[in-house]
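Note sheet for the following structure.
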Amino acid sequence: MSHEVVIALFEGVQSLDVTGPLEVFSGASRAPGSHYRVRTASLGGRTVTSSSGLGLAPQADLCALERIDTLVVPGGEGTRDMDGEFVAWLAGAAPRAGRVAGVCTGTFWLAEAGLLDGRAATTHWAHCGRLAREYPRVRVRAEPIFVREGPICTSAGVSAGIDLALALVEEDLGRRVALEVARHLVVFLTRPGDQAQFSTHLAAQAAQRPAVREVQHWIAQHPGLDLRVEVLARRAGMSPRQFARVFAAQVGVSPGRYVERVRLETARRVLVEGEAPVAAVARRCGYGTAEAMRRAFVRALGCSPAQYRERFGSRR
């Protein structure tokens with residue numbers, strides 16, 4: 001029996017939210033032993049226009065589908081103005097599907113349909129606050145690249161939809177098939193859902209003052225150096241008090257908190273990508289000692305650096 005994978009289309013859909021999972025599942029459908037049948041579908045089988053202006057012609061009518069084993073609901077600008085007909089279809093069809101995956105702001109469709117009430121979910125980091133405000137019954141998790149609770153999966157922005165699709169392929173067909181698909185698409189397979197979706201360095205784009213942006217880039221490039229406020233303020237050409245005030249206003253967090261985030265993010269990346277001893281990683285990332293880094297990991301992630309590497313490392 002085939003495994004029916006359906007990717008829903010609607011006006012204003014984000015084309016990459018569609019094509020990313022589509023390429024993953026389509027690639028996996030060609031693997032020996034795969035029973036995937038992958039189709040795109042819209043209400044009435046109507047052609048839709050993506051948020052970038054690309055026309056997408058579906059292969060089926062959502063209302064005519066007899067069975068859905070995996071339903072993928074993309075995001076896009078169309079989620080800003082909820083289509084009541086699509087929400088009603090989703091509310092009725094999702095409980096009959098084997099599992100449902102919301103990609104990026106597709107999470108908002110799931111929330112509007114009541115599918116996320118009482119469940120943990122994520123979406124693109126820039127929209128997590130809005131998701132929490134508009135749907136207070138959803139337990140919003142801003143950090144992970146994807147979250148799964150029961151038959152409902154939600155992911156962060158664009159590329160995280162590929163990560164989620166690969167995880168579902170691995171669950172269905174095994175790691176070897178998922179790895180082959182990942183290699184073909186030239187993407188990572190080893191980005192588990194608990195990995196952070198938000199790179200601290202992205203915050204540099206929000207800083208309007210060039211001096212602040214330069215300091216942020218400096219922090220990212222030199223996490224092991226002395227990054228006290230006094231040192232950073234001199235680099236920005238400001239007094240420590242002025243720098244702390246301007247930095248917090250521009251970036252949304254204090255300089256000290258930002259440094260903590262960069263060091264933690266860098267340490268996480270170094271741990272999973274290489275085999276350097278934990279003590280060496282601690283020195284490289286500005287913690288000084290392995291014990292100091294261990295305390296930071298336990299406080300932020302609930303596990304030690306060694307446990308984090310064991311779970312997410314490339315040799316996992």
Any salt bridge linking [X] with [Y]? Criterion: basic side-chain nitrogen under 4.0 Å from a carboxylate oxygen.
X: Arg257; Y: Glu260; result: yes
X: Arg80; Y: Glu77; result: no
X: Glu170; Y: Arg176; result: no
X: Asp172; Y: Arg99; result: yes
X: Arg39; Y: Glu4; result: yes

Whether [X] side chain and [Y] backbone form a donor-acceptor pair below 3.5 Å:
X: Ser34; Y: Ala28; answer: yes
X: Ser26; Y: Leu22; answer: yes
X: His184; Y: Glu180; answer: no
X: Arg309; Y: Leu271; answer: yes
X: Thr123; Y: Cys104; answer: yes
X: Thr19; Y: Ser15; answer: yes
X: Thr107; Y: Thr122; answer: yes
X: Arg261; Y: Gly256; answer: no

Can you see which heavy atom on [X] is nearest to which on [Y], and at what distance?
X: Ile162; Y: Gly20; result: CG1-CA, 3.8 Å
X: Ile7; Y: Pro74; result: CG2-CG, 4.0 Å
X: Cys128; Y: Ala142; result: SG-CA, 3.6 Å
X: Leu164; Y: Ala101; result: CD2-CB, 3.8 Å
X: Pro305; Y: Val278; result: CB-CG1, 4.1 Å
X: Asp17; Y: Gly76; result: OD2-N, 4.3 Å

Review point. Yes or no on side chain to side chain contact (heavy atoms under 4.5 Å, CB included) for Asp83 and Glu11, after CA distance, side-chain angles and deciding distance?
Key: CA-CA 9 Å; Asp83 180 340; Glu11 282 295 319; over 6 Å; no
Side chains of [X] and [Y] in contact at under 4.5 Å (non-hydrogen atoms):
X: Arg284; Y: Val270; result: yes
X: Leu65; Y: Val6; result: yes
X: Pro21; Y: Val103; result: yes
X: Asp69; Y: Tyr36; result: no
X: Phe25; Y: Val72; result: yes
X: Val212; Y: Val251; result: yes
X: Ile152; Y: Val147; result: no
X: Arg209; Y: Met238; result: yes

Which distance, rounded to the nearest 0.5 Å, do you find between the [atom1] of [X] and the [atom2] of [Y]?
X: Arg283; Y: Met293; atom1: CZ; atom2: CE; value: 10.0 Å
X: Leu43; Y: Leu62; atom1: CG; atom2: CG; value: 5.0 Å
X: Arg245; Y: Ser239; atom1: CZ; atom2: OG; value: 7.0 Å
X: Arg137; Y: Arg119; atom1: CZ; atom2: CZ; value: 11.5 Å
X: Glu291; Y: Arg294; atom1: CD; atom2: CZ; value: 4.0 Å
X: Thr154; Y: Leu110; atom1: OG1; atom2: CG; value: 8.0 Å

Joint cluster assignment, [X] & [Y], ILVMFWY side-chain distance < 4.5 Å:
X: Leu54; Y: Val13; value: yes
X: Val281; Y: Val298; value: no
X: Val262; Y: Val231; value: no

Exercise for review: Classify the ring geometry between Phe10 and Phe86 as parallel (under 30°), tilted (30 to 60°) or perpendicular (over 60°).
Suggested key: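 Plane angle between 30° and 60°, so tilted.
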Check your understanding: Relative to each other, are the rings of Phe247 and Phe243 parallel, tilted or perpendicular (30° and 60° limits)?
Key -> tilted
Review point. So, is the end of the Arg130 side chain (NZ or CZ) under 6.0 Å from the ring centre of Phe108 and within 45° of the ring's axis?
Key: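 Positive - Arg130 is close enough to the ring of Phe108 and near enough to its axis.
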Practice item. Show your working on side chain to side chain contact (heavy atoms under 4.5 Å, CB included) between Tyr135 and Glu112 and close with a plain yes or no. Key: CA-CA 8 Å; Tyr135 302 97; Glu112 183 69 15; 2.5 Å; yes
Practice item. Report the C-alpha separation of Leu232 and Val259 in whole Å, then their side-chain angles, then the decisive distance to 0.1 Å, and conclude whether the side chain to side chain contact (heavy atoms under 4.5 Å, CB included) test is met. Key: CA-CA 10 Å; Leu232 299 177; Val259 168; 4.2 Å; yes
Review point. Side chains of Thr70 and His3: is there a donor and an acceptor less than 3.5 Å apart?
Key: yes
Check your understanding: Can a donor-acceptor pair be found between the side chains of Arg268 and Tyr308 at a distance below 3.5 Å?
Key -> yes
Check your understanding: Do other residues, nucleotides or ligands put more than 12 heavy atoms under 6.0 Å from the CG atom of Asp81?
Key -> no
Practice item. Could you please spell out the steps behind the salt bridge (Lys or Arg N to Asp or Glu O under 4.0 Å) verdict for Arg148 and Glu171? Key: CA-CA 13 Å; Arg148 182 168 187 180; Glu171 176 183 304; 2.4 Å; yes
Exercise for review: Walk me through it: do Ser42 and Asp61 pass the test side chain to side chain contact (heavy atoms under 4.5 Å, CB included)?
Suggested key: CA-CA 5 Å; Ser42 69; Asp61 177 354; over 6 Å; no
